[in-house]
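Let me begin by presenting the structure, written as structure tokens, before commenting on it.
The shown structure was predicted, so the numbers you read here are calculated from the model rather than taken from an experiment. We count residues from 1, following the sequence as given.
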Amino acid sequence: MKKAMIPGTFDPVTKGHLDVIERCSKLFDEVYVVIMVNAAKKPLFSEEERIDMIEKETAHLKNVKVLAGSGLTVHMAKKLGVSAMVRGIRATSDYEYEVSIGTANMMLESDIETLFLLSKPEYSFVSSSTVKEIAMHHGNLSCFVSKYVEERLEEKFR
């Protein structure tokens with residue numbers, strides 16, 4: 001059985017994230033979407049809220065499991081027994097960042113591959129940070145997030 005992990009902060013989960021999750025679910029027997037702690041980020045949503053949003057949006061994907069993790073991402077991948085970590089790439093800047101992280105992970109756990117999925121053009125500019133900025137100023141979020149996530153954002157910025 002081929003298993004993959006999609007790590008991230010998902011604060012909040014965007015249509016770009018969901019596209020990568022859906023595409024990954026077609027490539028692997030089992031996919032773990034793992035909310036990881038990033039010390040450089042202060043999340044708007046709690047882990048529980050992020051898990052809820054992702055579970056609601058991926059309920060139709062029977063081979064996707066959502067959970068929270070901690071520590072090094074590659075160690076979480078090893079613990080889950082996955083053969084690959086999958087990352088979405090939007091632009092050159094993502095690629096440069098992800099290559100450095102992927103290379104470090106390769107040095108730590110050589111049996112876990114890092115795979116990149118290119119973002120679809122319509123999601124190539126979508127980021128959780130951009131979504132939060134638009135939400136803070138009560139802009140239209142329908143291009144960026146699902147209706148459910150949009151409602152959660154509106155609650156946060158009332």
Next on the checklist: Keeping Lys62 on the side-chain end and Ala59 on the backbone end, is there a donor-acceptor pair under 3.5 Å?
Outcome noted: yes

Checklist entry - Given side chains that start at C-beta, do those of Leu108 and Leu72 come closer than 4.5 Å, heavy atoms only? => result yes

Next on the checklist: Strictly below 4.0 Å, N to O, side chains only: are Arg23 and Asp19 in salt-bridge contact?
Outcome noted: yes

Next on the checklist: Assess the residue pair Ile51 and Leu67 against the criterion (side-chain contact (heavy atoms from CB on, under 4.5 Å)); give the C-alpha distance rounded to whole Å, side-chain angles, the decisive distance to 0.1 Å, and a yes or no.
Outcome noted: CA-CA 7 Å; Ile51 288 171; Leu67 54 118; 5.6 Å; no

Checklist entry - Just by modelled atom types, is the Ser142 backbone N or O under 3.5 Å from a matching donor or acceptor in the Lys15 side chain? => result yes

Item to check | Transitive ILVMFWY side-chain link Leu27 to Leu18, under 4.5 Å | outcome: yes

Item to check | Val20/Arg87 under side-chain contact (heavy atoms from CB on, under 4.5 Å): CA gap, chis, key distance, verdict | outcome: CA-CA 8 Å; Val20 169; Arg87 303 290 295 164; over 6 Å; no

Checklist entry - Roughly how far, to the nearest 0.5 Å, is CD1 of Ile134 from NZ of Lys132? => result 12.5 Å

Checklist entry - Side chains of His138 and Glu154: is there a donor and an acceptor less than 3.5 Å apart? => result no

Item to check | salt bridge (Lys or Arg N to Asp or Glu O under 4.0 Å) between Lys156 and Glu49, intermediate numbers included | outcome: CA-CA 11 Å; Lys156 290 283 184 183; Glu49 289 171 317; 3.2 Å; yes

Next on the checklist: So which atom in Thr14 and which in Val145 form the shortest heavy-atom distance, rounded to 0.1 Å?
Outcome noted: CA-CG1, 4.1 Å

Checklist entry - Where the side chain of Asp29 meets the backbone of Lys2, is there a donor-acceptor pair that is under 3.5 Å apart? => result yes

Checklist entry - Is it true that Asp111 and Lys78 have a side-chain N and a carboxylate O under 4.0 angstrom from each other? => result yes

Item to check | Ser127 and Thr130 side chains, donor-acceptor separation under 3.5 Å | outcome: yes

Checklist entry - Roughly how far, to the nearest 0.5 Å, is the CE atom of Met85 from the CE atom of Met5? => result 6.5 Å

Next on the checklist: Test of understanding: clusters of I, L, V, M, F, W, Y form through side-chain heavy atoms closer than 4.5 Å, transitively. Do Leu117 and Val31 belong to the same one?
Outcome noted: yes

Checklist entry - Does Leu115 share a hydrophobic cluster with Tyr97, counting links as ILVMFWY side-chain heavy atoms below 4.5 Å and allowing steps through other members? => result no

Next on the checklist: Checking Glu122 now: which residues fulfil salt bridge (charged side-chain N to carboxylate O under 4.0 Å, His left out) with it, not counting sequence neighbours?
Outcome noted: none

Checklist entry - Side-chain heavy atoms under 4.5 angstrom apart, residues restricted to Ile, Leu, Val, Met, Phe, Trp, Tyr: same cluster for Val34 and Ile54? => result no

Item to check | Over 12 non-hydrogen atoms of neighbours within 6.0 angstrom of CZ in Phe157 | outcome: yes

Checklist outcome for this item: In this structure, CG of Leu80 is separated from NZ of Lys3 (nearest 0.5 Å) by 7.5 Å

Checklist entry - Within a radius of less than 6.0 Å around CZ of Phe116, do more than 12 heavy atoms belonging to other residues, nucleotides or ligands occur? => result yes

Next on the checklist: Run the side chain to side chain contact (heavy atoms under 4.5 Å, CB included) test against Arg152 and tell me which residues pass, sequence neighbours left out.
Outcome noted: Phe45, Met53, Tyr148, Glu155

Next on the checklist: Within the structure provided, determine whether Val64 and Val33 are in side-chain contact (heavy-atom separation under 4.5 Å).
Outcome noted: yes

Next on the checklist: Testing the basics here: between Ser146 and Glu57, what is the closest heavy-atom pair and its distance to 0.1 Å?
Outcome noted: OG-OE2, 2.7 Å

Item to check | Nearest-0.5 Å distance, SG of residue Cys143 to OH of residue Tyr123 | outcome: 9.5 Å

Checklist outcome for this item: Rounding to 0.5 Å, atoms CG (Asn105) and OG (Ser110) come to a distance of 11.5 Å

Next on the checklist: Could you measure the distance from the CD1 atom of Ile89 to the CD atom of Glu96? Nearest 0.5 Å is fine.
Outcome noted: 10.5 Å

Next on the checklist: Ignoring hydrogens, what is the shortest heavy-atom contact between Leu141 and Leu153? Give both atom names and the distance.
Outcome noted: CD1-CD1, 3.8 Å

Item to check | Closest non-hydrogen atom pair between Pro7 and Val86, with its separation | outcome: CD-O, 3.6 Å

Item to check | ring pair (Phe, Tyr, Trp, His ring centres under 6.0 Å) contacts touching residues 9-40 (sequence neighbours left out) | outcome: Phe10-His17

Item to check | Main-chain N/O of Glu48 paired to Asp52 side chain as donor or acceptor, under 3.5 Å | outcome: no

Checklist entry - So which heavy atom on Ile35 is nearest to which on Thr9, and how close? => result CG2-O, 3.9 Å

Checklist entry - Going through the checks in order, is the side-chain contact (heavy atoms from CB on, under 4.5 Å) test met by Val149 and Val13? => result CA-CA 7 Å; Val149 173; Val13 65; 3.8 Å; yes

Checklist entry - Taking all atoms of both residues into account, what is the closest heavy-atom pair of Leu44 and Asp11, and its distance? => result N-OD2, 2.7 Å

Checklist entry - With the 4.5 Å side-chain cut-off for hydrophobic clustering, are Val99 and Met106 part of the same group? => result no

